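Just so we're clear, the structure is a prediction, and the values are computed from it rather than from any experiment. Residue numbers start from 1 in every chain, and the chains themselves are labelled A, B, ... in the order their sequence lines are given, proteins ahead of strands.
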Amino acid sequence: MNTLLPLFITFIAGTLLLRLLLLKVALKNKPWFILSCAGPVGLGMFSLLLFWSYVLYAPGAKGITLAASVGVVVFLWLWNQKRGLNLFQTFPRTPLKLLYPAEMNQPMRLLSLCLFILFCVSLIHFLFYFFGKTSWNIFGGWDARYFWNLKAKFFFRDPAQWQNMFSPVLDWSHPDYPLLLPGALAWGWIFSGKEMLLWPVLVDLLFILSITSLILWYLASFISPANAWLAGTFVLSIPSLRFWSTTQYADIPLAFFFLAASISLLLYYRFSQSPFLLVAGIFAGLSSWLKNEGLFFILWLYTVMVFIGILRRKDLKLTSTLIPLTLGVLVAFSAVLFAKIFLGVTGGEYLGSGRSFADYLSLLFADFEKTRFIALCFIIFKTTFSQWGGLWMVFLAALLLSGKKGISQGRWILLLLIGLIEFGYFLVLHVSPSEISFQVKVSLIRLMLHTAPLALLLTFEWLGPLFSQPRRPATL
Amino acid sequence: MIPFIQSWKNGFLESKFRGYPLLRWTFGLVILLLILLNFEPVQLPPHPSLLKNLWTGETQAFFFPGQEVAFFKPVLPSEGRFTFLTDTPYQTETENTETYLRAQNFLCPLILNPRPHEKTGLLYCKNPALSEARMTEEGYRWVLELKEGAGIILKKS
């Protein structure tokens, strides 16, 4: 029980918070959406609590973190009660409705059920693979051992000395990296009282299952349950998603936050309810608290907001758009700013690297061969079947087939975000301080992971429901 | 209200292929085929005793990164910064670089400096001959030899 307690508390906290934030929002299968995001949101929240506790009073930070975590959960619980929200109402009462949608005829229901069974089999197979891989390599890959988990140890082992993690002597461990993952790991260890080896593995599992669940929720709610089960099976079969989910790296968690923020922005666009913007901001802020790539993502999110603003300038109000989005972003981004300004100021590869604007311009535009090489690597890596299992090829085919309607009904938001994220990485590779072939070798596949769930979701949405269904009102 | 939203609310999500069942079915079959092609039997099944250890929180089944320098721990203070020297200078040989990284991981929250800049240091070499050579090279002397080729060293003034 001690092993699963931090996980349980994380879910409770995330669920309580999201219920409150989305209280006034009508959303199809809302409990499922909340449960899909509850774990990552809870971890992000506790990671922030831990960080500010350490900043406030390091010697007593473990006690403060624990007290604050319990306090926040109790507070959220009471607030939920006050608003008349019962936690247990969160769980879907009629999950069978999703298996047997009323509008399907009997043969189609049977096919949908078969796909559901296929998904269950693939989930069991994935869990078998996941625990096999992680139990034999419990300490994870290089980045996990020497960056993320090392920082978590600095938090956990001696709070009074936690700032040793920012020492310039340890520049190889990237003192400028954000601290969501180390904070979440240390929080679980503090909660269970020891450096529990299973905790980082459970965190890893939580994120990949959250991605799968979010895709299932979206497609089952807005396209068709059959699409959802097929997409869920496909997600769990993609080799690179499977492999990197076992390494304790931060890329799969980042992919979750990108996916959740993008979906929230899309929901805002479609249904014009500003709480979705607040939630999108929180997800984007948490992505910047997880990896530096999240800073880029915030920029892209605001870029998309500008486009939405241009399209809807008559209907949009500043107070109902930029303010909730910015408030959400600031929840975690304030910690990023604090850490970047006052703590992890050494070892930055880009920020604080001492290179001038002119240096960056020359790196970006002066070497055409380098640009060609990076572009070729993008094409080769995306089309490697052993890594992606055909995902990007299906994505491209669906994009071409969907034509003009591929960007209708807000789908352009997801497409633009995928394009901007990938374009950002394309540029960043130009200015990397490492030798380009080395940088591509160690990072390109992982960078592509960040947009893979979004691409999969969009592919299934473009191609529409697998089985013909009579039209019905698509309510929230 | 924006007309676009209105139309979305009153209908199902619009799809290019709504009227093309054959295309949709082909897509479904292609995805199924990809799933089949991606399928690989699990090469490394979970070991029951490893899983049991993980679940109960026991650690004896696992070899921790840097555990080979555990013998330093009893003689080290709880805080401080030390030079950490191995067989070759830092970043000249991957194997020794990783030895340093593993040691830092294990001895955290102490700070280990791979460069010979600190007054006190930890020396971890394969044999006494190498340890003597490294000390001479970097200007250190023994304070406490904990095992052959390894121990606490002090910078010569």
Quiz item: Looking at side-chain heavy atoms only, is the closest gap between B:Y100 and A:W172 below 4.5 Å?
Solution: yes

Quiz item: Would you say the side chain of A:E195 lies within less than 4.5 Å of the side chain of B:F64, judging by non-hydrogen atoms?
Solution: no

Exercise. Go through the steps to decide whether A:L4 and B:W55 satisfy the test side-chain contact (heavy atoms from CB on, under 4.5 Å), and finish with yes or no.
Key: CA-CA 9 Å; A:L4 292 181; B:W55 180 253; 3.5 Å; yes

Quiz item: Is the count of non-hydrogen atoms from other residues, nucleotides or ligands lying under 6.0 Å from B:E148 atom CD greater than 12?
Solution: no

Quiz item: How many angstroms lie between CD1 in A:I138 and CG in B:N53, if you round to the nearest 0.5 Å?
Solution: 10.0 Å

Self-check item: Approximate separation, where rounding is to 0.5 Å, of A:S386 OG and B:L37 CG
Solution: 12.5 Å

Quiz prompt | Winner by heavy-atom pair count (cut-off under 4.5 Å) against chain B, out of A:F234, A:F139, A:F130 | solution = A:F139

Quiz item: Taking the six-membered ring for Trp, are B:F27 and A:F460 parallel (under 30°), tilted (30 to 60°) or perpendicular (over 60°)?
Solution: perpendicular

Quiz item: Side chains of A:Y129 and B:E40: closer than 4.5 Å at any heavy-atom pair?
Solution: no

Quiz item: Any idea which heavy atoms bring B:N38 and A:G389 closest together, and the distance?
Solution: OD1-CA, 3.0 Å

Quiz item: For B:R81, is it the side chain, the backbone, both, or neither that has a heavy atom closer than 4.5 Å to a heavy atom of chain A?
Solution: side chain

Quiz item: Is a side-chain donor or acceptor of A:N164 paired with a backbone partner of B:P109 at a separation under 3.5 angstrom?
Solution: yes

Exercise. Flag the pair B:F39 / A:H125 as yes when at least one side-chain heavy-atom distance between them is below 4.5 Å, and no otherwise.
Key: yes

Exercise. Tell me, for A:K133 versus chain B, whether the close heavy atoms (under 4.5 Å) come from the side chain, the backbone, both or neither.
Key: backbone

Practice problem: Against chain B, work out which of A:L170, A:D158, A:T134, A:V394 has the most heavy-atom pairs shorter than 4.5 Å and name it. | Solution: A:L170

Practice problem: Tell me, for A:F131 versus chain B, whether the close heavy atoms (under 4.5 Å) come from the side chain, the backbone, both or neither. | Solution: both

Self-check item: Value rounded to 0.5 Å, distance of CG in A:L150 from CZ in B:F106
Solution: 13.5 Å

Self-check item: Which atoms of A:W199 approach chain B - backbone, side chain, both or neither, heavy atom under 4.5 Å
Solution: neither

Quiz item: Under 3.5 Å, side chain of A:W136 to main-chain N/O of B:P45, donor-acceptor pair present?
Solution: yes

Quiz item: Looking at A:G132, A:A231, A:P239, A:G390, which makes the most heavy-atom pairs under 4.5 Å with chain B?
Solution: A:G132

Quiz item: When rounded to the nearest 0.5 angstrom, what distance separates CG in B:L50 from OG in A:S135?
Solution: 5.0 Å

Self-check item: Contacting region of A:L118 [heavy-atom separation from chain B under 4.5 Å]
Solution: side chain

Exercise. Compare all side-chain heavy atoms of B:L44 with those of A:F128 and state whether any distance is below 4.5 angstrom.
Key: no

Exercise. For the pair B:E98 and A:Y146, evaluate side-chain contact (heavy atoms from CB on, under 4.5 Å) and give the outcome as yes or no after the intermediate values.
Key: CA-CA 10 Å; B:E98 204 170 337; A:Y146 304 124; 3.6 Å; yes

Practice problem: Heavy atoms only, distances under 4.5 angstrom: which of B:R102, B:R115, B:H117 has the most pairs with chain A? Name it, please. | Solution: B:R102

Practice problem: Output yes when a side-chain donor or acceptor of B:N105 lies under 3.5 Å from a complementary backbone atom of A:R145, and no otherwise. | Solution: yes

Quiz item: Which value, rounded to the nearest 0.5 Å, describes the distance between B:C108 atom SG and A:M165 atom CE?
Solution: 8.5 Å

Exercise. First locate atom CD1 of B:I35, then atom OG1 of A:T233, and finally report the distance between them rounded to the nearest 0.5 Å.
Key: 5.0 Å

